[in-house]
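These notes concern the structure reproduced below.
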There are 2 protein chains.
Amino acid sequence: MKLSSQTQAFVLHFGEMGSRWGFNRTVGQMFALMTVHSEPLNADQLAQALKISRGNVSMGLKELQAWRLVELHHQPGDRKDYFTAAGTIWDLARTVFEERRKRELDPTLTLLRQLLLNDPQDEEEARAQERMQEVYSLLEMLDQFANTLSKLDEKDLLKLMKLGSGLSKLLELKGKVTGGGSKSK
Amino acid sequence: MKLSSQTQAFVLHFGEMGSRWGFNRTVGQMFALMTVHSEPLNADQLAQALKISRGNVSMGLKELQAWRLVELHHQPGDRKDYFTAAGTIWDLARTVFEERRKRELDPTLTLLRQLLLNDPQDEEEARAQERMQEVYSLLEMLDQFANTLSKLDEKDLLKLMKLGSGLSKLLELKGKVTGGGSKSK
DNA sequence: TACAATTTTCAGAAATTTCTGAAAGCTCAA
DNA sequence: TTGAGCTTTCAGAAATTTCTGAAAATTGTA
């Protein structure tokens, strides 16, 4: 399989960006290729197109499955596994968003909950705990907000993201209209 | 300077998480320490507290300055540079958010704009470009949304993040109340 | 059951990133 | 202008991550 120079560039770029997005170069490349390629691809095709070893492809696919970013298919009369990117671009973005939340926020929230259980032993420790509490509150809220966003359907998400400066206007309305409605807990 | 076991744990954790947040272990540790420590710290104190070399501290501080996460101070009669985390926890979170947007989104948007200028040479390339266009549209919107969020003041951000399920209710109101108001371009 | 096709695993190699520490560079008071 | 005190730089070392490829495991078919 020969990649067009467009696809080549796209794939290489996603490889470079991979580490910033939470996966390594070849995983990024594999994901990019499956995203733009309309047909399902098997491991040999991936290895050949990206010029990487068969073993590396196997590991990469495992990783992408852990991220829930790929889908397994089978072709009749062919024992090979074929893969595609899982769902629409929106689905993919949502999945990346959720997985990153899980990986970047949850472990820290867990640790901070732990640490904040202990009583501070001196002044300096008390001050440190205050700051940790602030970090915790903020991350906790961010986590819940991310969770709320994840649950919105595509229509609402689109609406929200397109609001622009309308967002703060809408926030002003909050309560005024519904009479203090959603007290969310 | 001796770190309490609390602070020690916090610092080590931020070191581990560092790579997921966009910086390396020692940079994460330095940032964590400055975040919980109330007093400004100089390079020697950082090196000693974290048991890392003076040179590494210097590089780390440079990195944290590039992220705009630390602030330089001077003590009267002392030629050393002293550093603190730049601003409140909210300020810091906002800065990390903005920097990450810049690093994770901008390069990809730039590349995709480039690639989409070219005319597709065949069917497969046309299909690939369609997908790239979808990726572009989504990332572009995300970028603008992130930008909108960055501009909200703390009060509004808090309000938004606390909405929970109230968010979709509020979105339903959009337009109905203001009479189609903010058409945002 | 036997075996051919395929995938997975994993030890070691290669590549990349991070860290150290000595030397070079700055800056300011005298 | 000198030199003490401090910071930065950067070549090479150390640590970590990623990748390869051969061997082991798995799976479906005859």
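Nothing here was measured: the structure is a model prediction, and the numbers come from that model. We use all heavy atoms of the structure for the numbers below, so side chains are in, but hydrogens, waters and symmetry mates are not.
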Passing option when F83(A) is tested against M30(A), Q65(A), H37(A), Q45(A) for side-chain contact (heavy atoms from CB on, under 4.5 Å): Q65(A)

- prompt: With a 4.5 Å heavy-atom cut-off, do Q121(A) and S4(B) have their side chains touching?
  reply: no

Non-hydrogen atoms of L92(A) and A85(A) that approach each other most closely: CD1-CB, 3.9 Å

- request: Using atom types as modelled and distance alone, determine if a side-chain donor or acceptor of Q144(B) lies under 3.5 Å from a backbone N or O of G164(A).
  value: no

- request: Using chain B heavy atoms and a threshold of under 4.0 Å, write down where along DNA chain D the contacts begin and end, 5' to 3'.
  value: dA4(D) to dT16(D)

Which donor-acceptor pairs under 3.5 Å do the side chains of residues 53-62 of chain B make with protein atoms, sequence neighbours left out?
unit_1 : atom_1 : unit_2 : atom_2 : d
S53(B) : OG     : N56(B) : N      : 3.1
R54(B) : NE     : D44(B) : OD1    : 3.4

query: Could you give the angle between the helix axes at the two ends of the helix from dT1(C)-dA30(D) to dA30(C)-dT1(D), with five pairs per end, rounded to 10 degrees?
result: 20°

query: Counting only heavy atoms not in Q114(A), do more than 12 fall under 6.0 Å of its CD?
result: no

- prompt: Salt bridge between E99(A) and K102(A), side-chain N to carboxylate O under 4.0 Å?
  reply: yes

Over all atoms of both residues, closest heavy-atom pair of K80(B) and N42(B): CD-ND2, 3.3 Å

- request: Taking R131(A) for its side chain and T35(B) for its backbone only, find out whether a donor-acceptor pair lies under 3.5 Å.
  value: yes

query: Does anything in residues 27-65 of chain A reach DNA chain C, meaning a heavy atom under 4.0 Å, and if so which residues?
result: R54(A), G55(A), S58(A), M59(A), K62(A)

message: Do R94(A) and F97(A) make a side-chain contact, defined as non-hydrogen atoms from C-beta onward lying under 4.5 Å apart?
response: no

- request: Between Y82(A) and R25(B), just flag the one whose closest nucleotide in DNA chain C comes earlier from the 5' side.
  value: Y82(A)

message: So, using side-chain hydrogen bond (donor to acceptor under 3.5 Å, both in side chains) as the criterion, who are the partners of T88(A) when residues are at least two apart?
response: D91(A)

- prompt: Within the distance-only criterion (no hydrogens, no angle test), does the side chain of R103(B) pair as donor or acceptor with the backbone N or O of R20(A) below 3.5 angstrom?
  reply: no

query: In residues 71-81 of chain A, which ones come under 4.0 Å of DNA chain C, going by heavy atoms?
result: D78(A), R79(A), K80(A), D81(A)

